[in-house]
Amino acid sequence: MSDGSAAADRLVRPWVPLGGSSLRVPRLGIGTVPLGDMIGPVSDEDAERTVRAAHALGASLFDTAPQYGLGLAERRLGRVLPSLDRDGFVVVSKVGRLLRPVSSVAKLRATVSDAWHRGPAGASRLGRNTVRGAKRLLRRPTTARLGYPLERGDDALDAVFDFSYDGALRSVEESLARLKLDRLDAVLIHDPDEHIDEALAGSYRALREMREQGVIGAVGIGTNRVAPLIRLAAEADFDCFLLAGRYTLLDHSSLDELFAACTEHAVSLVIGGVFNSGMLVDPRPGQLFDYQQQRPGSPWLERAQRIKAVCARHGVPLPAAALQFPIGNPLVATVLTGVRSAQEIEQNVKLFNWPIPAELWDELRREELVATHVPLPAGAAA
């Protein structure tokens with residue numbers, strides 16, 4: 001993998017290494033959950049424009065997974081990426097779930113059961129429109145649009161857990177077919193939190209062999225929980241961890257132990273969820289944090305509003321500080337943002353490059369809004 005195309009150089013020069021691998025990655029990328037219609041509907045045309053804009057602007061790491069839209073995100077990438085310079089972008093996909101037909105009744109039951117077992121957070125994510133949303137997901141036109149002809153009208157696709165050795169091989173093969181590419185740059189084990197032993201014995205072994213054979217460039221984990229990563233850093237040879245929502249300008253308290261583990265084992269971090277469900281875009285009552293609405297008096301809401309006030313005093317948009325904060329940590333290779341349009345990626349690139357004075361970071365530290373031991377972007381006081 002080269003240091004990136006000229007377009008990527010406009011964003012950051014050069015690309016940076018990912019852990020102990022030979023893979024180099026851009027500092028900004030996009031998460032493709034929105035391109036799987038998982039946030040709201042996106043047209044095929046808008047999805048294509050989004051991918052092309054991200055590549056042209058240098059935000060050219062594309063993080064995807066079979067689960068995102070049940071293959072839709074990968075297929076939309078597959079309509080664009082084969083036409084681009086292969087050394088000018090990085091594709092990361094995941095294993096741990098295979099797309100297989102299941103009955104509609106079983107799918108709906110599993111959706112509700114999963115939310116129930118997650119407790120209040122699961123109920124909040126499920127939302128009041130569960131049944132309507134589930135029916136929309138399960139309609140036959142949805143599955144047909146993904147390109148999977150089904151024999152029975154009551155069947156629908158589902159992402160079925162499979163952390164086995166053979167499952168990982170099949171998952172990579174099927175992702176490559178949807179992406180229309182001949183290689184993946186990195187592959188992550190997707191949310192193995194409750195399946196760590198199986199994932200180490202199965203998925204990880206398969207991915208490690210593929211890395212040794214040069215089939216993939218890097219191996220990692222993708223999750224939004226810190227505890228499993230601390231264990232996995234010590235028990236296997238990973239290049240990177242994709243962590244969502246747990247290392248942000250608002251919430252970096254959970255990473256103390258992970259910093260040490262990643263440093264010791266040469267693991268890079270790819271950081272997603274930098275806006276904390278929107279709280280670091282518009283901190284107001286009713287805004288989401290970690291998928292839950294925050295009421296007046298919420299400590300997360302009050303902290304976000306204080307951070308916004310500091311940013312305002314220095315003429316810096318809050319989202320710009322949120323996007324740039326993780327890069328101050330030398331463990332962080334790439335920041336991901338989920339985007340639904342070319343305009344959104346253009347705005348994020350602008351915010352990522354927004355000049356932020358060192359005095360802003362210094363004030364955040366003085367106000368105890370950033371812990372003293374957390375690295376800050378260049379120019380801030382130690």
Side-chain angles (χ1 to χ4, degrees), residues 1-2 15-25 29 32 61-68 71 73-74 77-78 81-82 86-87 89-100 159-223 225 228-243 258 261-270 331 333-334:
M1 178 65 64
S2 70
W15 290 9
V16 298
L18 193 67
S21 75
S22 60
L23 181 65
R24 302 180 73 86
V25 295
T32 61
L61 186 150
F62 299 96
D63 173 72
T64 191
Q67 184 187 12
Y68 299 166
E74 288 186 325
L77 289 175
L81 295 184
R86 187 61 184 88
D87 285 338
F89 62 86
V90 171
V91 178
V92 179
S93 194
K94 303 180 182 72
V95 301
R97 292 174 173 87
L98 292 172
L99 302 184
R100 296 295 181 263
V160 180
F161 282 113
D162 188 335
F163 292 95
S164 69
Y165 179 95
D166 289 340
L169 297 179
R170 287 195 297 271
S171 184
V172 169
E173 181 180 5
E174 292 170 9
S175 287
L176 288 172
R178 287 187 289 267
L179 291 162
K180 299 180 181 177
L181 297 173
D182 60 3
R183 77 171 191 269
L184 293 170
D185 297 296
V187 180
L188 313 181
I189 303 174
H190 200 179
D191 291 335
D193 308 3
E194 310 300 329
H195 310 269
I196 290 179
D197 291 335
E198 181 185 357
L200 285 173
S203 299
Y204 169 70
R205 185 164 59 91
L207 297 182
R208 182 188 62 198
E209 291 178 4
M210 283 190 272
R211 182 180 59 189
E212 291 171 351
Q213 296 163 1
V215 177
I216 60 177
V219 176
I221 299 288
T223 183
R225 293 177 57 192
L229 299 181
I230 296 172
R231 173 186 168 182
L232 288 163
E235 294 192 14
D237 180 20
F238 288 103
D239 300 298
C240 64
F241 294 149
L242 194 169
L243 184 63
L258 188 58
C262 289
T263 300
E264 179 181 357
H265 299 284
V267 177
S268 289
L269 291 171
V270 176
L331 291 172
T334 302

Inter-residue atom distance [X].[atom1] - [Y].[atom2], 0.5 Å rounding:
X    : Y    : atom1 : atom2 : answer
T334 : D63  : OG1   : CG    : 10.0 Å
L207 : I216 : CG    : CD1   : 5.0 Å
L243 : T223 : CG    : OG1   : 7.0 Å

Among all residues two or more places apart in sequence or in another chain, which pass the side chain to side chain contact (heavy atoms under 4.5 Å, CB included) test with P17?
->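 Here the qualifying residues are R24.
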Kindly indicate whether the side chain of [X], heavy atoms from C-beta on, has any atom under 4.5 Å from the side chain of [Y].
X    : Y    : value
V95  : I189 : yes
V90  : L18  : no
L181 : P82  : yes
P66  : E174 : no
I221 : P228 : no

What pairs with S164 under side-chain hydrogen bond (donor to acceptor under 3.5 Å, both in side chains), at least two apart in sequence or on another chain?
->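 With neighbours one apart ignored, the set is D162.
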Heavy atoms of other groups near E212 CD, more than 12 under 6.0 Å |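 Yes.
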All ring pair (Phe, Tyr, Trp, His ring centres under 6.0 Å) counterparts of H195, not counting sequence neighbours |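 By the ring pair (Phe, Tyr, Trp, His ring centres under 6.0 Å) rule, H195 matches F161, F163.
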Among pairs that include at least one residue of residues 198-207, which meet side-chain hydrogen bond (donor to acceptor under 3.5 Å, both in side chains), considering only residues two or more places apart or in two chains?
->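 Listed once each, the pairs would be none.
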Does the pair D191/R97 count as a salt bridge with the N-to-O cut at 4.0 Å?
->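 Salt bridge: yes.
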Partners of E194 by salt bridge (Lys or Arg N to Asp or Glu O under 4.0 Å), sequence neighbours excluded?
->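 Listed in chain order: R225.
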Salt bridge (Lys or Arg N to Asp or Glu O under 4.0 Å) involving E235 - partner list, sequence neighbours excluded =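 E235: salt bridge (Lys or Arg N to Asp or Glu O under 4.0 Å) contacts with R231.
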Start with the C-alpha distance between V219 and V187, add both sets of side-chain angles, then the distance that settles side chain to side chain contact (heavy atoms under 4.5 Å, CB included), and finish with yes or no.
-> CA-CA 5 Å; V219 176; V187 180; over 6 Å; no
Under the side chain to side chain contact (heavy atoms under 4.5 Å, CB included) rule, what do S93 and L176 come out as? Steps first, then yes or no, please.
-> CA-CA 9 Å; S93 194; L176 288 172; over 6 Å; no
Backbone N/O of T64 and side chain of K94: donor-acceptor pair under 3.5 Å |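 Yes, the answer is positive, given that a donor and an acceptor are paired below the 3.5 Å cut-off.
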Check L81, D185, V92 against F62 for a side chain to side chain contact (heavy atoms under 4.5 Å, CB included) and give me the one that passes.
->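 So the option named by the test is L81.
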